[in-house]
**Q** 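Structure below; questions to follow.
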Amino acid sequence: MMLIPTHHFRDIERKPEYLQPEKCAPPPYPGPAGTMWFIRDGCGIACAIVTWFLVLYAEFVVLFVMLIPSRDYVYSIINGILFNLLAFLALASHCRAMLTDPGAVPKGNATKEFIESLQLKPGQVVYKCPKCCSIKPDRAHHCSVCKRCIRKMDHHCPWVNNCVGENNQKYFVLFTMYIALISLHALIMVGFHFLHCFEEDWTTHGLTREGTAEARLSQEKTQPHKVSSTECSYFSPPTTVILLILLCFEGLLFLIFTSVMFGTQVHSICTDETSIERLKRKQQPRERRGSWKAVKETFGGNFSPNWFNPFSGPYHPALRDEGWVRQVASSDNMETTTEQSEEQSERKDEDSVEVTDE
């Protein structure tokens, strides 16, 4: 349970009647277990589609421009399996990050009955979000896009059309890692392809297709181990060069972006501090868990291959009553804080809770 300074009183409530539940819309009817989570945000949906399109474009160029035309079958098979495996894991991680509930707090649970069930003790307080009318547990923040309070929210990422929170941070980390790996793999293959084909096939000038074919046949007779044009690409040299340059640009851009995001996320997990908490570090200091414990909770237990499996979930204990309740740092000033909160609740034009984020 986190100790909070007593001067943060504007969104603190200690009595159920102060929460004014009549101002909150009733909570929605709970859906069936396993209901898919999906955010209907136009920008996020567009970014997710672009992400899939770029991965599929890389898949097309790698397979039909570099691997399939090659006569080195061992090279093609090994790189084809590796690239497709990484692409599959990246897209699977993207789907899990996008379609997994990031840790949304039940909407509209700021009711008198729920607060009474917590049985608050002297010095204990609860936080309420006036935007989604929910009780905010420790380390939860409101997302204006998801329109929900998210437990352990790090940020809202449009590329996965979802918040990165307690339940899907593992999938987001895996998504950035696998995208960085396939980008690096694609860049390496493009480099080898240019070195392999540039002098052998693309330096012929002033020849027609027939002349190029004749030159290739004569070259095969004199130097049978040289590379033929069909080994480099099924497309013309200019088209092949354009496709490879676009893939290089895409791979380099994604490699830099996802590597930075991956490093940032790993640092946040190891320090047990989200991006939002890092921005508010000076205002709200708190105790942190050990690095290894935070890593195990995020990736699902002790180190195993399941850490890299997007189909296995993280491990998070069930939220207990202590997760909803917080303890003030000093009980001596509790009466003063209570009076200030009561004065705010009497204002007609203001909700009794005004601060949505800590």
Side-chain angles (χ1 to χ4, degrees), residues 50-97 159 170-203 216 219-220 223-263 265-266 299 303-312:
V50 169
T51 300
W52 275 68
F53 171 78
L54 293 175
V55 173
L56 294 178
Y57 170 78
E59 184 82 16
F60 168 78
V61 175
V62 167
L63 290 180
F64 294 98
V65 176
M66 292 189 288
L67 296 184
I68 293 180
S70 175
R71 291 186 180 180
D72 189 342
Y73 299 113
V74 176
Y75 172 85
S76 298
I77 291 174
I78 293 177
N79 284 280
I81 292 175
L82 179 60
F83 186 86
N84 282 277
L85 177 62
L86 292 175
F88 170 76
L89 292 173
L91 294 179
S93 301
H94 183 271
C95 286
R96 292 302 301 272
W159 295 105
K170 169 186 175 178
Y171 309 131
F172 183 76
V173 172
L174 293 181
F175 167 67
T176 56
M177 181 184 73
Y178 288 129
I179 289 293
L181 289 176
I182 65 173
S183 298
L184 179 61
H185 188 199
L187 288 173
I188 293 174
M189 285 191 291
V190 169
F192 276 111
H193 197 75
F194 269 114
L195 292 175
H196 186 64
C197 296
F198 183 76
E199 292 184 356
E200 301 293 342
D201 190 65
W202 296 342
T203 56
R216 176 173 57 84
Q219 186 182 43
E220 287 180 351
Q223 297 177 348
H225 297 291
K226 290 289 185 177
V227 181
S228 65
S229 61
T230 55
E231 290 185 62
C232 290
S233 176
Y234 290 147
F235 302 93
S236 64
T239 303
T240 301
V241 171
I242 292 174
L243 292 174
L244 292 177
I245 290 177
L246 291 177
L247 180 60
C248 281
F249 179 77
E250 174 193 343
L252 185 61
L253 185 64
F254 268 73
L255 176 61
I256 296 174
F257 176 73
T258 55
S259 297
V260 171
M261 290 300 301
F262 175 78
Q265 289 297 303
V266 171
F299 289 96
F303 179 79
S304 70
N306 278 332
W307 277 25
F308 309 98
N309 180 11
F311 300 100
S312 66

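Residues: numbered from 1 along the sequence shown. Keep in mind the model is a prediction, meaning the values are calculated, not measured.
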**Q** Counting distance only, does the side-chain N/O of R96 pair as donor-acceptor with the main-chain N or O of P310 below 3.5 Å?
**A**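 Checked: pair present.
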**Q** How close do E250 and V55 get, counting heavy atoms only, and between which atoms?
**A**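 The pair with the smallest heavy-atom distance is OE2-N, 4.1 Å.
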**Q** Is a side-chain donor or acceptor of T176 paired with a backbone partner of V173 at a separation under 3.5 angstrom?
**A**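 Checking the backbone N and O of V173 against the side chain of T176, a donor-acceptor pair under 3.5 Å is found.
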**Q** Under 3.5 Å, which donor-acceptor pairs link side chains of residues 177-187 to any protein atom two or more places apart or in another chain?
**A**
from	atom 1	to	atom 2	distance (Å)
Y178	OH	F308	O	2.6
S183	OG	I179	O	2.8
H185	NE2	N79	OD1	2.9

**Q** Does the T240 side chain pair with the main chain of S236, one donor and one acceptor, at a distance under 3.5 Å?
**A**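 Looks like yes, one N/O pair under 3.5 Å.
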**Q** To the nearest 0.5 Å, what is the distance between OG on S76 and CE on M189?
**A**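 It comes to 10.0 Å.
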**Q** Using side-chain contact (heavy atoms from CB on, under 4.5 Å), reason through M261 and F172 one step at a time and then give a plain yes or no.
**A** CA-CA 9 Å; M261 290 300 301; F172 183 76; 3.6 Å; yes
**Q** Drop me the distance from Y171's OH to F175's CZ, to the nearest 0.5 angstrom.
**A**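 Atom-to-atom, Y171:OH and F175:CZ are 15.0 Å apart.
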**Q** Look at the side chain of S312 and the backbone N and O of N309, then say whether any donor-acceptor pair between them is shorter than 3.5 Å.
**A**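 Yes; at least one donor-acceptor contact below 3.5 Å.
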**Q** Which heavy-atom pair separates P69 from F64 by the least distance, and what is that distance?
**A**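 For P69 versus F64, the nearest heavy atoms are CG-O, 3.6 Å.
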**Q** Quick one: pull up OG1 in T239 and OH in Y234 and give me the separation to the nearest 0.5 Å.
**A**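 If we round to the nearest 0.5 Å, T239:OG1 and Y234:OH are 16.0 Å apart.
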**Q** Does any part of the side chain of L247, heavy atoms only, come nearer than 4.5 Å to the side chain of V62, both counted from C-beta?
**A**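 Heavy-atom side-chain distance check passes, below 4.5 Å.
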**Q** Could you give the distance from OG (S70) to CZ (F192), rounded to the nearest 0.5 Å?
**A**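 S70 OG to F192 CZ: 12.5 Å, rounded to 0.5 Å.
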**Q** Can you find a heavy atom in the side chain of V61 that is under 4.5 Å from one in the side chain of L244?
**A**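 Touching, per the 4.5 Å side-chain cut-off.
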**Q** Can you name the residues that form a side chain to side chain contact (heavy atoms under 4.5 Å, CB included) with V50, not counting sequence neighbours?
**A**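 So V50 forms a side chain to side chain contact (heavy atoms under 4.5 Å, CB included) with L54, W159.
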**Q** Out of curiosity, L67 CG to I81 CD1, how far, rounded to the nearest 0.5 Å?
**A**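 Rounded to the nearest 0.5 Å, the CG-CD1 separation comes to 11.0 Å.
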**Q** Rounded to the nearest 0.5 Å, what separation is found between the CZ atom of F254 and the CZ atom of F249?
**A**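 Here the interatomic distance stands at 10.0 Å.
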**Q** Under 3.5 Å, is there a donor-acceptor pair between the side chain of Y57 and the main chain of L243?
**A**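 It does hold such a pair.
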